[in-house]
Amino acid sequence: ESRIGLLTRILPSALIDQEFSAERWITVPEEVRDAYRRVGRPTPLLRAEGLERALGTGVRIYYKYEGVLPVGSHKLNTALAQAYYAKADGAVEVATETGAGQWGMAVSLAAALFGLKAVVFMTRSSYNSKRQRLTFMRTYGATVYPSPSEVTEAGRRHYRPDHPGSLGIAISEAVEYVLSGEKRRYLPGSVLEFVLMHQTVIGLEAVRQLPEEPDAAVACVGGGSNFAGFTYPMIGMKLRGEGFDKTRFVAVEAEAAPKLTKGEYKYDFPDAVGILPMIKMYTLGHDYVPPPVHAAGLRYHGAAPSLSLLRKLGIVEPLSYPQEEVMKAAVLFARTEGIVPAPESAHAIRAVLDLAKKLPRGSVIAFNLSGHGLLDSDAYEKFL
Amino acid sequence: ESRIGLLTRILPSALIDQEFSAERWITVPEEVRDAYRRVGRPTPLLRAEGLERALGTGVRIYYKYEGVLPVGSHKLNTALAQAYYAKADGAVEVATETGAGQWGMAVSLAAALFGLKAVVFMTRSSYNSKRQRLTFMRTYGATVYPSPSEVTEAGRRHYRPDHPGSLGIAISEAVEYVLSGEKRRYLPGSVLEFVLMHQTVIGLEAVRQLPEEPDAAVACVGGGSNFAGFTYPMIGMKLRGEGFDKTRFVAVEAEAAPKLTKGEYKYDFPDAVGILPMIKMYTLGHDYVPPPVHAAGLRYHGAAPSLSLLRKLGIVEPLSYPQEEVMKAAVLFARTEGIVPAPESAHAIRAVLDLAKKLPRGSVIAFNLSGHGLLDSDAYEKFL
Amino acid sequence: MLRRPGLGVYLLAGWPSEKTYREAVAGMDGLVDFFELGIPSPNPKYDGPFIRRAHREVSAPVWDKPSAPTYLMGYWEDARGRPADLFERAASLGARGVLLPDLLIDFPEELDTYLKLTREYGLAPVFFLPSKFPYALAKRLAASKPDFIYIGLYAATGIELPVYVERNVKILRELAPDVYIVAGFAVDSPAKAAKLVRAGADGIVVGTAFMRRLQKDVREALAFLAEVKKALLDL
Amino acid sequence: MLRRPGLGVYLLAGWPSEKTYREAVAGMDGLVDFFELGIPSPNPKYDGPFIRRAHREVSAPVWDKPSAPTYLMGYWEDARGRPADLFERAASLGARGVLLPDLLIDFPEELDTYLKLTREYGLAPVFFLPSKFPYALAKRLAASKPDFIYIGLYAATGIELPVYVERNVKILRELAPDVYIVAGFAVDSPAKAAKLVRAGADGIVVGTAFMRRLQKDVREALAFLAEVKKALLDL
């Protein structure tokens, strides 16, 4: 069976249609809109007055804050949509993999809100060290297995009590779990285009909320969904001549996983073990392992195909920063704005600091603060 | 020196005036309103549609959600006001004590936003076990000492590396720290009336946001500030004949510290060691220690004087619930509403479940969700 | 009716000694407009350190009533077992009423008992309110036509706090326009006394400031009262 | 101009064998309206498992051009070093154009090079778009007056996915009203071919479904094509 063919047996069918749809606009179903409203959408667009004062460069800074969502990050936006479509397919159970647990938490809550059972395969090293997100997944009612587990063939193949696990094995387990039972669907958290599209709710809201068009729109890049969610509605308007004509789009990645700045534009697997179909993207190779000291997220080896193309065409400018500088920016932000940013989101903040110094007075920057860092105290503890 | 006289040397002077003011309305200073706006006020008032569906009792349930504040709870409301008044007094430093760290985090952020230095004495047992809030206090720029510390006389008197500390010692240390230097102020997080008054921003917003007057208004009680903050504006209107005439006011406490249901109405110290002036309140005795298994917060031995009086006069009805039932309610709430509630706030939820079953169909309940539980995974882990 | 503006003094029965007490009472004749005669208490909870100590120092109270209008002052808590005894003593001494600072704070449910006993013994009601009080309660007290409402400016006697006390007196004035308002706690200078009257008080009470002087020298204490009186008359 | 509605067939040069290939080409004369002649590739990245395998099975390509209009089909990636060679071969074979499915996806910056080479060799431009494409690009392609735009309905040849392909064809139709639109990938029945034409396609291409049959029996493969052709003519 081909990797693409496999998708039809594991993904909610509407998501496959969305992946290949030529439609410019895809309507958010009423039930998903309702779920968005209940979890706190629209999220606020805030002015970073404290940060502006601290910088004193005369640049106005706005940020969209996704951390008000109950799981603390933007991941819930696509999890809710995916869970809805799984249910529409008649599924009663959804499965996925998770590393640090952000995606697992989002899927767990989305499943709970749509009355589905969630099964999460969590890499064993995270399962042992990230107890908080594990606990909250269970609080939401999910069944969480440390991966490699003993519940799947793929897991049993690697199983040893001290195996740290990998996202690749966890994906294999989740996919196998879905294939081995009735009414199950697999929910992917990463670079697929429909994931990016679901996240555009962020930017669509931001376009309405922004009191002025920015000179730069900034977001961090793991796989690209938060960047795309924030900027694509603006990039679309710019390319169609409907606005944002002076706006630059800046994608900020970790120096520990610099695919957009140093990767190669080629076909590669989105997952570490090659279960899913290859995609054309900027990539460091699907077997890339970021330096072990890196604790500030954005460890993914590739960038979503559409984002990669936009970068290739020069419509998106990539930047990368080392962890130390990013955490310094995070602390400055916490002290001036009050919100402890997720280390991932702090990459965007770091770039904003640079831009605020370089741009002329009176310029405007908008960025996406994709989540808070209240469940990432370990990254802060290491840095302080 | 009298205990009352001591207050004038440690507290911001405007707070003492507020404590003894006969004014019905005290204006929130422009700078504090501005800080409230920046940290996300007004906070949302939400309808608990998911919980309503799960209960199926035909009762409409609304909740005010304070967890969107960056520190995750209502404590920031008074911390910001207090920090502002300390600064107005010419202070450059504020000090306080903290146990689990909620109050310390609120003070740390408030100090950062007003450009003050924060010094926090954290009971050593929490200092060792509640690393997250400790880390975030530092992220906000606070200096945090484990108490008993070696930086004060009071600390050195008790100092041993394995001393677990107590809130009483930590208060003594914070007070001594303030008295032993220039331009320092002590910020109290507990039962003083001005603390309750600052929290009424919650209820004042709720009164405007509620689409209908509730049959019951519910909040949990530690010292009383979150209960008072939510209900006093409504109670005031009721007593003045301006509305809320059918509303019952339900104060929910932990069965582990049942002052309102089982305490005595008498003069007692608000602090465990008798540094602060005695106050008339429902109390279990200032040396009361809750059962050691209790992890769900609300451990304080007394209730604020005004709340105690309202309970004495029958205007407020007290209820208490055991930890197990409270955590069960917390999990139900997380799965139906998406927000993981702070274990403290979950006491209110538990009471809401009871009320929703007892009240006739079509009744309305409003409660205060004073914080989220993302920094309380230990309580959930113990329960699940 | 009490004189406006009026000077009141707090005395602790028989303190600092029988002799000094008697000399002081005699010396205040014609100078002081009304008296609060304190009953020594084992737990004078609203008093600051100075008067607290004084309570402990009284071995044998002296119940000499001054000639000016006098009100017995004690705690409901102490009288709780047999409150009628207190009212009977007041009546037999010729006092005009009984002031119980803890009545409305700690025993609000006993207000009706207080009013009943006051009526039974032919006394006038008088009330104590702290600086923060329910407006509805102030109005209800005013409606009972008391001889006065005493507003305690701070948390305890003799201890000044950074509180804008004139504002609180003004508020009570508006709520009880026809009632004689007495302001007390830490009134320690003629200027402060005058300030309170200007804010709306009809009378002020001097306690700790008077007693500190009395302990040293009767004449100094009386001279201080004369200064306060002059400041009030000059208004 | 290509016939409307038109039946197109994808051939892999010389597959499954020289003999069968020649038989098939001969048999399709008069039945098939246009051809895509695939160049065996070491990495046929948009092909499903069946055609991928076929690419590996071709040992010696056969460059017999059918009489109907024919377009060479290859990957820009393979031709990248010396793209002119590919255009020269097309011209020398008498093909009308060169279709490069990866051109606009993986090498969008090479569009101008493609157009230039096409002009130089006297060929007509033809383009491949995936099912999800930028509208502005579709309009730009239409403006270059190509022989056709081929829309790949799914992610790879021969693999049907739950995608509402008619919608995508309709959208391309609206963006390029005057262009001949070819729809392909997993067109495996007369009914599906008809559905696509009804949605706005001018022609359809059959690949995997034809090759599966061809591998077993030339006649069965030709019979299948006849059925599809009939469905189109019946529209």
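All values below come from the heavy atoms of this structure, side chains included, with hydrogens, waters and symmetry mates left out.
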- Please flag which part of B/Val340 lies under 4.5 Å from any non-hydrogen atom of chain A: side chain, backbone, both or neither. both
- Message: For A/Val39, which atoms come within 4.5 Å of any heavy atom of chain B: side chain, backbone, both, or neither?
- Response: neither
- Interface moiety of B/Ile339 toward chain A, non-hydrogen atoms closer than 4.5 Å: both
- Could you look at A/Thr139 and say if it's the side chain, the backbone, both or neither that has a heavy atom under 4.5 Å from chain B? both
- Checked B/Leu375, B/Val68, B/Asp376 vs chain A; the most non-hydrogen pairs under 4.5 Å come from B/Leu375
- Task: Output the option from B/Met327, B/Arg47, B/Arg37 having the highest count of non-hydrogen pairs under 4.5 Å with chain A.
- Result: B/Arg37
- Query: Between A/Phe136 and chain B, which part of the residue has a heavy atom less than 4.5 Å away: side chain, backbone, both or neither?
  - Reply: side chain
- Task: Under 4.5 Å heavy-atom distance to chain B, tell me which part of A/Arg133 shows up: side chain, backbone, both or neither.
- Result: neither
- Query: A/Arg335 and B/Leu113: which non-hydrogen atoms are nearest, and at how many Å?
  - Reply: O-CD2, 3.9 Å
- Charged N to carboxylate O under 4.0 angstrom, A/Arg38 versus B/Glu337? yes
- Residues, nucleotides or ligands: over 12 heavy atoms within 6.0 Å of B/Lys328 NZ: no
- Contact winner vs chain B - A/Ala334, A/Gly72, A/Ala111, heavy-atom pairs under 4.5 Å: A/Ala334
- Message: Please classify the contact between A/Leu109 and chain B as side chain, backbone, both or neither, with a heavy-atom cut-off of under 4.5 Å.
- Response: side chain
- Message: Please identify, among A/Thr135, A/Thr336, A/Leu332, the residue contributing the most non-hydrogen atom pairs under 4.5 Å to chain B.
- Response: A/Thr135
